[in-house]
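Please read the structure below before turning to the comments.
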Amino acid sequence: MKYHFNEIEAKWQKYWAENQTFKAENNSEKPKYYVLDMFPYPSGAGLHVGHPLGYIASDIYARYKRHKGFNVLHPQGYDSFGLPAEQYAIQTGQHPAITTEENIKTYRRQLDQIGFSFDWSREVRTSDPNYYKWTQWIFIQLFNSWYNNDVDKAENISTLISVFEKGGNANVNAACDDNITIFTAEAWKNYSSEQQQEILLKYRLTYLAETEVNWCPALGTVLANDEIVNGVSERGGHPVIRKKMMQWSMRISAYAERLLQGLDTIDWPEPLKEIQRNWIGKSVGASVTFKVLSPTLSNGKGVVPGYMTGGNNSHLLLERAKEMRANPTEAEAALWQNLKGKKLDSKFRRQHIIGDYIVDFVCLDKKLIIEVDGKIHDSQIEEDANRTEILENDFYKVIRFKNEEVLGNIDEVLEKISKELAERESIKREQVLPSGKDLGWEIDVFTTRPDTIFGVSFMTLAPEHELVAKITTPEQKAEVEAYIEATAKRSERDRMADVKTISGAFTGAYAEHPFSKKPIPIWIGDYVLAGYGTGAVMSVPCGDQRDYDFAKYFEIPIPNIFDLSKIKGSSESSPPLEELEEAFTDKDNTIIANSGFLNGLNYKQAVKRAIYELEKLGQGKGKTNYRLRDAVFSRQRYWGEPFPVYYVNGMPQMIDTEHLPITLPEVEKYLPTETGEPPLGNATHWAWCTKTNKIVSNEMLKQVQHDKNGSVIPTEQSDEESHNGVYPLELNTMPGWAGSSQYFNRYMDPHNDTEIFSQEAINYWQQVDLYIGGSEHATGHLLYSRFWQKFMYDLGLVPHDEFAKKLINQGMILGTSALIYRLDVEFSVDYKISEASEIIAQSTSHLAYAKKATQDGRFGSNYVFSKNRKNEIEQKGYGNIDKVIIEKISKKLHEITPNSPVENIELINQFEKKIHIVGLIFSPIHVDVSLVNSSDELDIEAFKLHPMGKDYKEVEFLSEEDGTFKVGREIEKMSKRWLNVVNPEIICSDYGADSLRLYEMFLGPLEQYKPWNTAGITGVYSFLKKLWKLYFDDNGFKVTETEPSKEALKTLHKTIKKVEEDIENFSFNTSVSTFMIAVNELTAQKCTSREILEPLLILISPYAPHIAEELWNQLGHKESISTAAFPKFDESHLVESTKNYPISFNGKMRFTMELPLDLSKDDIEAAVMAHEKTKEQLQGREPKKVIIVPGKIVNIVG
RNA sequence: GCUGAAGUGGUGGAAUUGGUAGACACGUUGGACUUAAAAUCCAAUGAACAUUGCGUUCGUGCGGGUUCAAGUCCCGCCUUCAGUACCA
């Protein structure tokens, strides 16, 4: 009897379906185990051999766990909402539900053919109203919740309302919008219902807000961040622009920290966790508030006050100041004796430049200026009231003394100064320095390096920052506006592609350094992103490379605040960084310098101190920032879950959960409406009647209009009366990830129509024990699902806040593309006008073209080369191509190039045409892999009949010497585009599902990317035939009840041990090898014992269930093999009495020796040394050392 | 740039706590069976040298190191793939 896999597989697939062999019950005495696959999107193309890889692995594990005595839940379903079905509907008008249904049928047929042990009675489909009812239900729960940071969990919105009623929102610590205004309990009570709703929206976990979204005009919808790859849409690669729209969002950012922490508690692949960590993007640092100084001084010159910044003549002033310091007046000298060295507890400087002036003495800290009127120095005489005014404008206080006062009674003068200093001390800093305060402008920045705060030499705002327009000085206005316009024009993609070009503009404004009080110029630059942090940075050029580059480019000072002498161990002390090529960004080896109270501290100490000082000033605090943004939840699509939302006076209202599901309405067209509304705007029945709680005709709506984004435009009449209780429903639908974020829980109780799942079911199954799927969902489905699970945990619905204990990413199976090589010609044609026709040409307007023209191009010839022919020519050079071919190509080239490069000119024959062949080149052409046999030979006749072969009817095929036409191979992603898709159905009919399953596992480690090569399947196929032959030969069934041999028992138990270890480690490829070894050994041993062959089947059955089931049945069992217990490993069968020792010399194995295992070290050494080959190796030398590891190895050194 | 993973025959890939590198397959070559092909079976197959056999030398991306012994551990590079990208 032969191995007829087709009959066997059909028979058992039918049996399993009819007997519901794999149906899981929600209670059992056995321990539970939940194995889950990522459910597929049923696309029209069906499955290729790459798709089932993960399903086969999980199926093996599920079957193995059943043998091990577990009650296994192994469900499957369909993620059946989505874009392709909708695109197809737009093109053909066919309802997406029909397309989806058809695709599901194909999928089911293909899946069934592979023999999975799914419990299909639990199937879910995201597009099924009975399923999406619960997706809508969760949405409502999210809407009715807010995130309380104090207890770090979501709570019902009613608790927030009662807090508002009792004490307003001042003490609420919630995850909420940024633009919250503080109100009192009294104010809350006085707000209108709409105002209250609007405020609550800012706290809800799903909220409606005007957000800047990624709008994809080609797809007519918004996309989430994870749906964009390199600035274009993941699907279709269409451009994406930023646009403001009213959209539903999910406040996933509230869970950022828990999503991050949770990663440490789950057994997921490290690379995937790393992707999620990066996506969440936690950074710890501080927020710092910089006050904006008054734009300009009114000195008419636009000169900005500033210490050491100076005006245009600052270098002259500097010279002058030096000179004056060297030649003080008698009075100045006397006063300086009493001011210097902090004699009055304040530091004074003399002859100091403030703005365009030199002042006699100044205490910068207190902004107190002392002027001594002299007679000797001319320059001192010109001072006037104007100067005082200007200085006072900049909040300096100027006090004056006469020379005589100083010289006459210096004590009195000093006392006056002391009094003045004390007064300025007692005045609050803000009053002394009302700088930007009069206008209240402040710039908040986020920094991870508060330790470098003294290195700030400028600030940079994103061009989109709201303060830019306000602070820009009239002088800088034109430049700034031009810059903003230029940046806005650049698409997101350009901006990303071009990170090297430094650009920016100076606003003319200054901010005040929180500690040094020095003015800091404010710039704008597109290296600062509006979307991250606050859209503004404090720029520390010596400590950040981008700041450094920016400063270098615009020649902004780069003060150094690092003690490089201590860092680099050099004797120089703090060399100026301007001379260095890059910023010093190493924070682990930092010693801060030139930074006041931070001097001498390392990174950690300095950060702590800086935050402490900032807090003392009230100008900053420690802060943690996350990159994770809230997820946009609205899509302008038809084929998705409708929102259970209607609008009253523009405010969203939830439909009562008892009225769910809100089913998708029928529409005539699946495109956006003419007015730009989402497709649901086409529905005629899409309004909500609050009286009947039903969806009703739009005709019952009164005067309600939507704007382009689907939001309701409120009208004056839109109160309850005029609506008659009928309101418009939300026109957007939910995104693809809505349905996939809770399906794993629904499988536990899929038919429950009163609850999302019963508490019994969730408490029995708990969570997914093993989840297998692709890593491409790292920042989408896998993050959103974790978010929803945590939310449901907060609600007390689920016992774990992580939905999947263990996750494995299966690698992709790549396709092996087949290539043929067409000879292409690169050519150049010169057109020259002949003299005779020049006259004619002159009379036309085409003279300029006609005189001379060149046309370059590339031309695909009719010659196709096989792989080796091509290689040969590429090695020898293109000159070796047959001359006849070149001639023919040349002729063809003459035919296809026009006689005139200029159209519509009637001088066709007047042109002289000269054709140059510039180059020859092979261009690879993909051919369908199904036309290529296992020896890489292309079936040329079949190729010509193939749809794509039509273009190659005339083609000449230049084959190998032996007459075969070999194709080249290239490993690429398996896709229709590369014609390298292999259909599992064909594999199943040619080799059987068991072969397919074994081969997919045998290809390599599950997580790894590996190429598919159909030819290789013969290996596992002949293994199955060999396996069959252990049970059957030409005379029929040959299993006997004879006692098994020792060798056979050893083979069996060795196999049990290895297979069990391999499955537990998900090393499926090696266990297939183990089976092969076992079958090869048992065949050689001529084993026929039932005692061996029966347990062997159970070992193999998770991998090749059909053949195992058939042979199990032949052995006389009536129950399915899936219920059999996994064989028990018995060590005693593996005990050996001897060991074949490898004998090494200096670590290199030279020969082996069979020795008893119970030999002592000395006996082993004696035996080895006595061996003839040992003497030969040593050639008379004495061994220096003999290493003996009993049971392992002998190594002789010498 | 940053982060992560990985480099082993012609190919996919094995190799336990450092202990016989290349298991198991594919492919290739030779042979048996056959009119022939397919299928099946047998043998060889890391490279080089030697071939009368016994063999010898070199070999896990590169260069060092630790060790009796390194694909495996340590240091420094190179390459490939993936993720991410002005994240302050």
Side-chain angles (χ1 to χ4, degrees), chain A residues 229-230 269-279 281-283 285 445-449 452 460 462 495-502 525-529 531-540 543-547 549-550 625-628 775-776 778-779 811-812 816 934-936 969 971 998-999 1002-1005 1007-1020 1022-1023 1025-1026 1029 1058 1061 1065 1067 1069-1077 1080 1140-1152 1173 1176 1183-1189 1191-1198:
Chain A
V229 179
N230 294 329
E270 203 46 53
L272 187 129
K273 288 191 192 179
E274 203 55 36
I275 292 171
Q276 290 208 345
R277 283 191 196 106
N278 289 337
W279 192 260
K282 180 179 183 175
S283 41
V445 303
F446 174 75
T447 178
T448 53
R449 298 291 304 273
T452 63
T460 317
R495 229 163 123 169
M496 274 202 298
D498 175 29
V499 294
K500 292 226 171 83
T501 314
I502 295 163
D526 70 358
Y527 81 98
V528 177
L529 303 176
Y532 182 77
T534 59
V537 299
M538 57 176 229
S539 302
V540 184
D544 182 283
Q545 194 55 48
R546 291 155 305 162
D547 294 344
D549 295 340
F550 194 86
N625 220 18
Y626 298 91
R627 201 190 81 125
L628 184 70
S775 60
E776 67 272 19
T779 55
M812 200 184 285
T816 312
S934 59
S935 311
D936 288 354
R969 292 293 198 177
I971 306 295
L998 281 170
Y999 189 50
F1002 188 62
L1003 279 174
E1007 305 87 345
Q1008 204 166 298
Y1009 279 51
K1010 51 217 171 250
W1012 176 269
N1013 174 17
T1014 303
I1017 202 170
T1018 53
V1020 293
S1022 49
F1023 156 72
K1025 283 190 285 192
K1026 274 187 228 165
K1029 280 189 193 159
K1058 179 86 169 94
E1061 281 169 5
N1065 293 320
S1067 175
N1069 55 326
T1070 49
S1071 44
V1072 178
S1073 305
T1074 308
F1075 294 140
M1076 290 174 170
I1077 294 167
N1080 287 345
N1140 195 21
Y1141 277 96
I1143 313 298
S1144 315
F1145 291 82
N1146 297 320
K1148 290 196 169 100
M1149 203 278 287
R1150 293 304 173 196
F1151 62 93
T1152 59
K1173 283 185 182 167
E1176 208 176 285
K1184 283 185 198 144
K1185 207 171 174 188
V1186 180
I1187 312 280
I1188 292 165
V1189 185
K1192 285 231 157 135
I1193 199 168
V1194 176
N1195 192 17
I1196 298 166
V1197 188

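Here the structure is a predicted model, which is why all the values come from computation and not from measurement.
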Hey, which of these two, A:I275 or A:V537, hits RNA chain B nearer its 5' end, going by closest nucleotide?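 Closest to the 5' end, via its nearest nucleotide, is A:I275.
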
Using heavy atoms to find the nearest nucleotide of RNA chain B for A:E270 and A:Y1141 separately, return the residue whose nucleotide is more 5′.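 This one resolves to A:E270.
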
Among residues at least two apart in sequence or on other chains, which ones pass side-chain hydrogen bond (donor to acceptor under 3.5 Å, both in side chains) with [X]?
X	result
A:T1070	A:D1062, A:S1067
A:S1071	A:Y1103
A:Y626	A:E257
A:R627	none

Considering residues at least two apart in sequence or located in another chain, which fulfil the side chain to side chain contact (heavy atoms under 4.5 Å, CB included) criterion with [X]?
X	answer
A:T1152	A:N1140, A:M1149
A:F1151	A:I1143, A:F1145, A:M1153, A:H1171, A:K1173, A:T1174
A:E776	none
A:P1005	A:E1007, A:Q1008, A:N1069

Could you state the atom-to-atom distance from [atom1] of [X] to [atom2] of [N] in whole Å?
X	N	atom1	atom2	value
A:I971	B:U11	CD1	P	11 Å
A:L529	B:U84	CG	P	16 Å
A:E1007	B:C81	CD	C1'	16 Å
A:K1192	B:A15	NZ	P	15 Å
A:Y626	B:A88	OH	P	14 Å
A:Y527	B:A85	OH	C1'	17 Å
A:N1065	B:A14	CG	P	13 Å
A:D544	B:C2	CG	C1'	14 Å

Between [options], which nucleotide gets closest to the side-chain atoms of [X]?
X	options	answer
A:M1149	B:U3, B:U20, B:A88	B:U20
A:K1010	B:U17, B:A85, B:G12	B:G12
A:N278	B:U3, B:G12, B:U20	B:U3
A:E274	B:U20, B:G4, B:U17	B:G4

Nearest non-hydrogen partners of [X] and [Y], listed with the distance:
X	Y	result
A:V1186	A:I1196	CG1-CG1, 4.2 Å
A:V537	A:V445	C-CG1, 3.7 Å
A:V1072	A:F1002	CG1-CD1, 3.6 Å

Distance between the [atom1] atoms of [N] and [M], in whole angstroms?
N	M	atom1	answer
B:U20	B:U3	C1'	39 Å
B:U57	B:G64	C1'	23 Å
B:C78	B:C62	C1'	6 Å
B:C73	B:U60	C1'	16 Å
B:C81	B:G12	P	15 Å
B:A70	B:A85	C1'	38 Å
B:G4	B:G9	C1'	29 Å
B:G13	B:A36	P	39 Å

When you compare the side chain of A:L1003 with that of A:W1012, does any pair of heavy atoms fall below 4.5 Å?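 A:W1012 vs A:L1003: side chains touch.
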
Is there a side-chain contact between A:Q1008 and the phosphate of B:G13, meaning an N or O under 4.0 Å from OP1 or OP2?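 Answer yes for this pair, as a side-chain N or O of A:Q1008 is under 4.0 Å from OP1 or OP2.
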
On the 0 to 90° scale, with breaks at 30° and 60°, tag the A:Y532-A:F446 ring pair as parallel, tilted or perpendicular. perpendicular

Sequence-aligned protein contact record of nucleotides 22-29 of chain B, with B where the base is within under 4.0 Å of a protein heavy atom and S where only the sugar-phosphate is: -BBSS---

NA contact type, A:Y1009, heavy-atom cut-off 4.0 Å: base, sugar-phosphate, or nothing?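 It contacts sugar-phosphate atoms only.
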
Once you apply a heavy-atom cut-off of 4.0 Å, does A:K1184 come out as touching a base, just sugar-phosphate, or nothing?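 No contact.
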
Does a salt bridge link A:E274 with A:R277, judged by any charged N lying under 4.0 Å from a carboxylate O? yes

Atom pair OG1 (A:T460) and CG (A:D547), whose distance is rounded to the nearest 0.5 Å: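 Here the rounded value is 6.0 Å.
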
What does the list of N/O pairs under 3.5 Å between the protein and nucleotides 64-70 of chain B look like, with a distance for each?
{"from": "B:C68", "atom 1": "O2'", "to": "A:N1195", "atom 2": "ND2", "distance (Å)": "3.1"}
{"from": "B:C68", "atom 1": "O2", "to": "A:N1195", "atom 2": "ND2", "distance (Å)": "2.8"}

Under 3.5 Å, which protein N or O atoms sit close to an N or O of nucleotides 56-59 of chain B? Give each pair with its distance.
{"from": "B:U57", "atom 1": "OP2", "to": "A:R1150", "atom 2": "NH1", "distance (Å)": "3.3"}

Determine yes or no for a side-chain-to-main-chain donor-acceptor pair under 3.5 angstrom, with A:D544 supplying the side chain and A:V540 the backbone.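 Looks like no, no N/O pair under 3.5 Å.
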
For B:G9, measure the glycosidic angle (O4'-C1'-N9-C4 for a purine, O4'-C1'-N1-C2 for a pyrimidine) and name it syn if it falls within 90° of 0, otherwise anti. syn

Run through RNA chain B and report every stem of 3 or more consecutive Watson-Crick or G-U pairs, distances under 3.5 Å, ordered by first number. B:1-7 with B:78-84, B:10-12 with B:24-26, B:27-32 with B:40-45, B:46-49 with B:55-58, B:61-65 with B:73-77

